[in-house]
Number of protein chains: 2
Amino acid sequence: MKRPELSVAVDLVVFTVRAHTLEVLLVRRGIQPYRGQWALPGGFVTTQESLEAAARRELAEETGLKGVYIEQLYTWGEPKRDPRGRVVTVAYLALVPAARARVKAGSDAAHAAFQPARQPPRLAFDHAVIVARAVERLGTKAEYSTLPLHLLKEPFTLSEVQEVYEVLLGRDLDKRNFRRKILALDALEETDVMRRDGAHRPARTFRLSASRPYLLKERGILFPF
Amino acid sequence: MKRPELSVAVDLVVFTVRAHTLEVLLVRRGIQPYRGQWALPGGFVTTQESLEAAARRELAEETGLKGVYIEQLYTWGEPKRDPRGRVVTVAYLALVPAARARVKAGSDAAHAAFQPARQPPRLAFDHAVIVARAVERLGTKAEYSTLPLHLLKEPFTLSEVQEVYEVLLGRDLDKRNFRRKILALDALEETDVMRRDGAHRPARTFRLSASRPYLLKERGILFPF
DNA sequence: TCGATATAGTGTCTATTCTACACGAACTGC
DNA sequence: GCAGTTCGTGTAGAATAGACACTATATCGA
């Protein structure tokens, strides 16, 4: 059994929801190949770090963010996917609240930006495929889990929760039905701060109830509805 | 950006359902480390083949099977998971009908065998974790998809279908409700051959209807029930 | 050949869940 | 204090889930 050595990379699909749009973090490549094109942030895995650690490191380098939600998405390893040679890439999906979704200070404005995830610009390598799969995965998880809550900064209002679900699912939801269902999951707890912004009635705010995980496989499935 | 070179392997979790038990294919390691211990079949990815091709090659080497259902499960890459050095492994999940689940002729009997997947023997490396995750994934997919049909050889009876679902879900299902639901998916079509085995009424048999994919995300969710 | 035995195949009723739908409440700003 | 805006709430009809038991059809052996 021989052991050919390959390069292993991690790529990050960092999502946020802003202005009723699902956005993904892209960086402009400074080197060949695909120099000047948009691509996912990422980099090679060093010998001593775990895959997830490598992903978090890259995320911190681009955005300065730590402790956000991250999960492994899929691994791509077609022999020709990188013209430089054989590179296997492990893609990770990360969710950041819009309020925290800033490109790291020090990067010039053109270097990195959040852009529409469903109609991204032309991307380097097979990154368009990776983004498409991540979008699909997120949509699927919105159907049965509270994962989308990671796109919000606590405390949040139920209208904000509904907005992220609508964006991920790509359709409008009935307000009363949505609120009934999301509260029935018993995953949210009311805070005592009210959100007042604008000339209208203030909204109650919520945070995750301490006893609940984000993903609910148990009954209490969110959808269909 | 430096490019450390790592070894990339594929490991296979090959499932079958036999005698109301979920079984997984294991091989006895002939070399160090973990020599003599049970492990998942697998091997290193060569420079010219894709990851899935490597997985299919390993599967064929152990079982002689081609064209079975296979999907990528997850990628493990902790720095210390293999004492020989840094090995990133991409695990694949494969489903084979019991009628085809044979270890390749030429392997000695002790070399490879299907064994209970939920209480496997002590496994090499982190393979127990991999098996556990595969079992969980299969159970989850049984809740909303027709993926378990890959565990059956066509044509099959509805009782056989129910059996695999029961094994994957770990609970008994009501016969009438199950048949109503599975048929409502419109994923099965009746054949004209009857299954007669034993001293009782023969059963209709079915195959997958040509127009249907195995996985159904659309409504018509199978469970809860 | 007839009875015992084993699995196949089928329908209904009740409880729960889904879905559609509209208006008063509470605040700001002019 | 009025206009404008978002917040917050209940119900009724439709669809789906879930519990439940008996007849049909074959084989086998007495």
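Order of the sequence lines fixes the chain letters, A, B, ..., with proteins taken first and strands second; residue numbering starts at 1 for each chain.
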- Item | Cationic N near anionic O, under 4.0 Å, B/E166 to B/R171 |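 No.
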
d([atom1], [X]; [atom2], [N]) in whole Å:
| X | N | atom1 | atom2 | answer |
| --- | --- | --- | --- | --- |
| B/F156 | C/dA8 | CZ | C1' | 16 Å |
| B/F178 | D/dA17 | CZ | P | 14 Å |
| B/R196 | D/dC28 | CZ | P | 12 Å |
| B/R195 | C/dG9 | CZ | P | 11 Å |

- Counting just side-chain N and O atoms, does A/K181 come under 4.0 Å of either OP1 or OP2 of C/dC18?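 Yes, within the criterion.
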
- Query: Do any N or O atoms from the side chain of A/E154 and from the backbone of A/L208 form a donor-acceptor pair under 3.5 angstrom?
  - Reply: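 Yes.
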
- Note on the structure: For nucleotides 3-13 of chain D, 5' to 3', base contacts (B), sugar-phosphate-only contacts (S) and non-contacts (-) with protein non-hydrogen atoms under 4.0 Å give -BBBBBBBB--

- With rounding to the nearest 0.5 Å, note down the distance linking CG in A/L12 to CG in A/L25. 8.5 Å

Protein and nucleotides 1-3 of chain C: nitrogen or oxygen contacts under 3.5 angstrom:
none

- Message: I want to check a possible cation-pi pair here: A/R29 against A/Y34, using under 6.0 Å from ring centre and within 45° of the ring axis as the test.
- Response: no

- Message: For A/Y165 together with A/F178, are the ring centres under 6.0 Å from each other?
- Response: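 Between A/F178 and A/Y165, the centre distance is under 6.0 Å.
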
- Message: B/R195: which residues meet the salt bridge (Lys or Arg N to Asp or Glu O under 4.0 Å) condition with it, sequence neighbours left out?
- Response: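 In terms of salt bridge (Lys or Arg N to Asp or Glu O under 4.0 Å), with neighbours along the sequence ignored, B/R195 is linked to B/E160.
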
- Item | Criterion side-chain contact (heavy atoms from CB on, under 4.5 Å) on A/E71 and A/K141, from CA distance to verdict | CA-CA 12 Å; A/E71 75 174 40; A/K141 293 212 171 178; 3.2 Å; yes

- Query: Relative to the ring of A/H127, is the ring of A/F125 parallel (under 30°), tilted (30 to 60°) or perpendicular (over 60°)?
  - Reply: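 The arrangement is tilted - the two ring planes meet at 30° to 60°.
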
